[in-house]
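Numbers restart at 1 for each chain; the letters A, B, ... are given by sequence-line order, proteins then strands.
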Amino acid sequence: MKIFLYASCFFFLIKMRILFIHSDFIEYSVKEKALENPEPYDKKSERIEEALVAFVSVENKDNENVAIKGAKEIADVADKINAKKIVVYPYAHLSPSLAGPSTAIQVLEKLRNELSNMGYDVTKVPFGWYKSFTISCKGHPLSELSKQIGGEEEEPEALRKENTIKTYFKILYNKKFYDINEFDFSGHEKLKEFVDYEISGTRAVQEIPPHVKYMKSLEIADYEEGSDSGNMRFYPKGKLIKSLIESHITNTVMNYGAMEVETPVMYDYEHPALKSYLQRFPARQYTVLSGEDRYFLRFSACFGQFLIAKDSLMTYKQLPVKLYELTRYSFRREKHGELVGLRRLRAFTMPDMHTFTMNIDQAKEEFMRQYKLSISVLKDFGLDLKDYEVAIRFTKEFFDNNSEFIFQLEEIVNKPVLIQIWEEKFFYFVLKFEFNFVDNVHKAAALSTVQIDVDNADRFSINYIDEKGEKKHPLILHCSPSGAVERVIYAMLEKAEMQKKNGIKPSLPLWLSPTMVRIIPLSEKHVQDSLRFLDEIKKEGIRVDIDDREITLSKKIREAETFWVPYILVIGDKEISSSTLTVRDRYSDKTNEIDLENFIKMLKEKLRNYPYRPLNESERLSMRVKFS
RNA sequence: GCCACCGUAGCUCAGUCGGUAGAGCGGCUGACUUGUAAUCAGCAGGUCGGGGGUCCAAUUCCCUCCGGUGGCUCCA
C-alpha cells in the first residue's frame, strides 16, 4: 500500500555505535565543559579496575529502544569475557551523525539503567565535558571489539501505524462506489494506470521518460554534476518558463486572498516544536552544520508558516487566514534511484499555502474553493481535467459526516476518481485530494493537493480567539495549487509528447513559450526591414526574436520548429511591400495570411491574464549562446 | 540504500580481440543569396572520468574511487 503524504516520510536510522575495550584499569579526569549544560558531575577524576569499557556514540534519531538493544550487546560481551564492571563512556568520535545532546543524555541514562538492572556494576562517565583518560587494554582476542547497534532502518511510528490501520480503495463515479476489480475502466485507461501504480506498485520500464530529452533539447534544464543529484541547472529559456510559472501561481494565490511571507530554509533539530513534528514525520533531510549546531533543510513551508502563525494574534473575525510562500527551495534527500529528470528532485520549488480556519464547515468551504482553484491553475498550464487523475482520501468518520461533500467533489470533475478510505485517522489529516499526472512511462506524480489538518495547530500551539474570548486551535488546510513548479514543467513536457504520439505538434502554452514569435528574414538584405516588424511586435509585450544568421531559410524554419516556436514569420520582399504576413502557426499547424495589426491583436488576446517577462536571451539568434 | 548499465571532441555516439583515436551535429573560414523542417567545401577541437595494478606498451584487461543513468524500494 502506498500513502501520499504532504510531508514525505523519513526513516529513523538506529545506529548506536560502541567500541569495547576490556581493560586492566581506566582512569579519567574531567577538564572543562564541552556543552553549555553538561551532565552534573562533582568528582574530579575516577579510576575503575578490571572493567569492560564501552565507548558509546549516540547517533541521530537513536531512541530508548536502541539503548535496550545496546545494553543487551554490552551484556553479551561482558559475559563472554567474564567482566562484572562496566564503564559507559560517552565518545562522540565514533559517529559522523551524532544525536543532539538531550537525546544522547537520555539514551545513555537508559543504557546505564538497563545494565544496572541486569546486575552489573556500572559506572557512567559524565556527558558534556572534555576529559582526559588513561586506559590499559588487556590485549586478548576479545578485548577490543566494535559494534553497531541496529543499523537497520526502523519504521517511524506513523508508518508502523500504517500497517495496523485498515484502509481500502474504491472508485467513485456518479455518487456510486465500485470495487477496483469491478469497475469498468474502458474510456478511463489513465485512471487504470494510476490505480495500478497506486495499489499494485510499479511496472518495470526500461525507458527514460520523454520529458528528459525535451528538457535538454529545449534548453530548459539539465542535470548539474557539480551539485548533489536532483539539483538541476536551469538555462535562460528554462529559467524564463519557471519564473513565469512561479509568478502566475503567486498572483493567483494572492488574488485568492493569501498573504505572501518568506521563511528560513533551515531549522534547528533541537527546537522543541519542530522536534515532535519531525519525530512524527521523519523525512530524509539534508543536514546543515553551523559550527557545531545541526540544522535540517526544510522539506516544505509548514515549519516556517506554523512558527509565524504560532506567534500571531488571530481572531475568529479574521479567519480564514491564508499564508503563502513559494519555497525556493524545499529539500528532500530522495533516494538516488528515485530521481528522474524533473519528475522528482532533491531541491524543488513548491508553492505552499496554509489556511487557518475556525471549524470544519469553514475548512470544507475553503477546501472546495482551493479544489476549484487547483483545477483552474492547472488549466492555465495547459493541463485539463482529462490530463490528470483525481484521488480523494479521507477517514471513515469524515465520510460518515460529510458524504455529500465528497460526492460534490466527484461531481465537479465529472469523471471517476480513486477513493482511499481509512478506518481511523492516520497522520494528521482527515481529508485530502491530489491531482496525479500519469506520464508516458506509466508513472504517476502528484501535482495539486489540499489537506485538512486537524493535528498541527495543537502541536505547534497555533491559536485563534473565538467569540467568547477563548483560545482555540484552528483547522489548517495545506494547499499546493499546482504542486512543485519543476513537476509542472515535467507534466507539460510529458503531455506534449503524448500529443506528438497523436500526430499533434508538441508545444507549450503561448504565455510560457520562451519565444512567442520568430521572425526569419528571407535573406541578409531583409534583416533591416525585419527589425521594424520586430520592434512593432516587441513593444506590445510579446516575446519576439529574429534569426539573423547566415544560414538557409529551411534550416531556420527547422530550428524554430525544433524549439517549438508557436509563430514563425518569414519576411521577404512580399511582406515588406504589402504588410500582409505569412504566419506559420504551430498550434493549428497551418500557414495563414494575416496583417500585422490583427496578428498582434490575436496574440494579446491570448496573453491576457498571464504574467509577462521579456526575452531572457538576445533577440538576435546570431548573438545567442548554445546551451545544449 | 540495493541491483544493473554507462563515462571517448561542446553535443550524440562509433572504435581499438592491448601499439595514445573516428563520424555526424555544433563551431570557425570560404563559396552560395536562397520563399517555409538539415546547401556545399575546407579547417580547428580529445591526458579516451580520477587513481592504482598487469604488460615492452593500457583509452582498451584487472582492481578501486568518483560521477551519471535505469530498475527496485519509497515519495510531492
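Applying the 90° criterion around 0 to the glycosidic angle, B:rG45 comes out syn.
Rounded to an integer number of Å, the gap from CZ of A:R233 to P of B:rG10 is 14 Å. At whole-Å resolution of the value, CG in A:D222 and P in B:rC11 are 10 Å apart. Separating the NZ atom of A:K505 from the P atom of B:rU36 is a distance of 14 Å, rounded to the nearest angstrom. In this structure, OH of A:Y567 is placed 19 Å from P of B:rA37, rounded to the nearest angstrom. The interatomic distance linking A:L342 (CG) with B:rU69 (P) rounds to 12 Å, in whole Å. The OH atom of A:Y223 sits 9 Å away from the C1' atom of B:rG68 (whole-angstrom rounding). Here the P atom of nucleotide B:rU12 and the OH atom of A:Y214 are 17 Å apart, to the nearest Å. Distance, A:R333 CZ to B:rG1 P: 6 Å, rounded to whole Å.
Using the six-membered ring where Trp is involved, A:F296 and A:F303 have ring planes that are perpendicular, over 60° apart on the 30 and 60° scheme. In this pair, A:Y286 and A:F331 present their aromatic rings perpendicular. The plane angle is above 60°, beyond the 30 to 60° band.
Taking the six-membered ring wherever Trp is involved, the centroid distance between the rings of A:Y388 and A:F437 does not fall below 6.0 Å. A:H354 has its ring centre less than 6.0 Å from the ring centre of A:F306.
When only modelled atom types and interatomic distance are considered, A:Q451 and A:D453 share no side-chain donor-acceptor pair under 3.5 Å. Checking A:E224 against A:N231 by side-chain atom types alone, no donor-acceptor pair falls below 3.5 Å.
Residues passing the ring-ring contact (aromatic ring centres under 6.0 Å, His included) test with A:F627 are A:Y235, sequence neighbours excluded. With sequence neighbours excluded, the residues satisfying side-chain hydrogen bond (donor to acceptor under 3.5 Å, both in side chains) with A:R346 are A:D228. For the side-chain contact (heavy atoms from CB on, under 4.5 Å) test, residues two or more places apart in sequence or in another chain that qualify with A:E260 are A:T250, A:M254, A:Y324. Among residues two or more places apart in sequence or in another chain, the ring-ring contact (aromatic ring centres under 6.0 Å, His included) test is passed with A:Y223 by none. The side-chain hydrogen bond (donor to acceptor under 3.5 Å, both in side chains) check on A:T562 picks up nothing, with sequence neighbours excluded. For A:M266, the side-chain contact (heavy atoms from CB on, under 4.5 Å) partners at least two apart in sequence or on another chain are A:V288, A:Y295, A:L297. Partners of A:R549 by side-chain hydrogen bond (donor to acceptor under 3.5 Å, both in side chains), not counting sequence neighbours, listed by chain and number: A:D547, A:E559. Residues meeting the side-chain hydrogen bond (donor to acceptor under 3.5 Å, both in side chains) test with A:S330, sequence neighbours left out: A:T327.
No engagement by A:K213 is indicated, since no non-hydrogen atom pair under 4.0 Å with the nucleic acid exists. A:F348 comes within 4.0 angstrom of a nucleotide base, judged by non-hydrogen atoms across all strands.
Stem regions for RNA chain B, each three or more consecutive Watson-Crick or G-U pairs with both distances under 3.5 Å and listed by first number, read B:1-7 with B:66-72, B:10-13 with B:22-25, B:27-31 with B:39-43, B:49-53 with B:61-65.
The same atom, P, is picked in B:rA21 and in B:rG45; the two are 14 Å apart, to the nearest Å. Taking atom C1' on both B:rG22 and B:rA9, the two are 10 Å apart, rounded to the nearest angstrom. Annotation: B:rG19 and B:rC3 have their C1' atoms spaced 37 Å apart (nearest Å). Taking the P atoms as reference points, B:rA44 lies 12 Å from B:rA23, given to the whole Å. One P atom belongs to B:rG27, the other to B:rC11, and the distance between them is 15 Å to the nearest Å. Taking atom P in both B:rC5 and B:rU47, the straight-line distance is 29 Å, to the nearest Å. Between the C1' atoms of B:rG51 and B:rC56, the separation comes to 23 Å (whole Å).
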Taking only nitrogen or oxygen atoms into account, show me every contact under 3.5 Å that the protein makes with nucleotides 65-67 of chain B, one pair per line with its distance.
| from | atom 1 | to | atom 2 | distance (Å) |
| --- | --- | --- | --- | --- |
| B:rG67 | O2' | A:E225 | OE1 | 3.3 |

Distances under 3.5 Å only, N/O to N/O: pair up the protein atoms with those of nucleotides 33-35 of chain B.
| from | atom 1 | to | atom 2 | distance (Å) |
| --- | --- | --- | --- | --- |
| B:rU33 | N3 | A:E524 | OE1 | 3.3 |
| B:rU33 | O4 | A:E524 | OE1 | 3.3 |
| B:rG35 | O6 | A:D573 | N | 3.1 |
| B:rG35 | O6 | A:K574 | N | 3.2 |
| B:rG35 | N1 | A:E575 | OE1 | 3.1 |
| B:rG35 | N2 | A:E575 | OE1 | 3.3 |
| B:rG35 | N2 | A:E575 | OE2 | 2.6 |

Pairwise N/O distances under 3.5 Å, protein to nucleotides 23-29 of chain B:
| from | atom 1 | to | atom 2 | distance (Å) |
| --- | --- | --- | --- | --- |
| B:rG26 | OP1 | A:K555 | NZ | 2.7 |

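Regarding contacts with the backbone of B:rG10, every side-chain N or O of A:K216 stays at 4.0 angstrom or more from both OP1 and OP2.
Side-chain proximity of A:R586 to the nucleotides B:rU69, B:rG70, B:rA37 is greatest for B:rA37.
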*Check against side-chain hydrogen bond (donor to acceptor under 3.5 Å, both in side chains), A:N440 and A:E494*: CA-CA 7 Å; A:N440 287 279; A:E494 289 287 330; 2.6 Å; yes
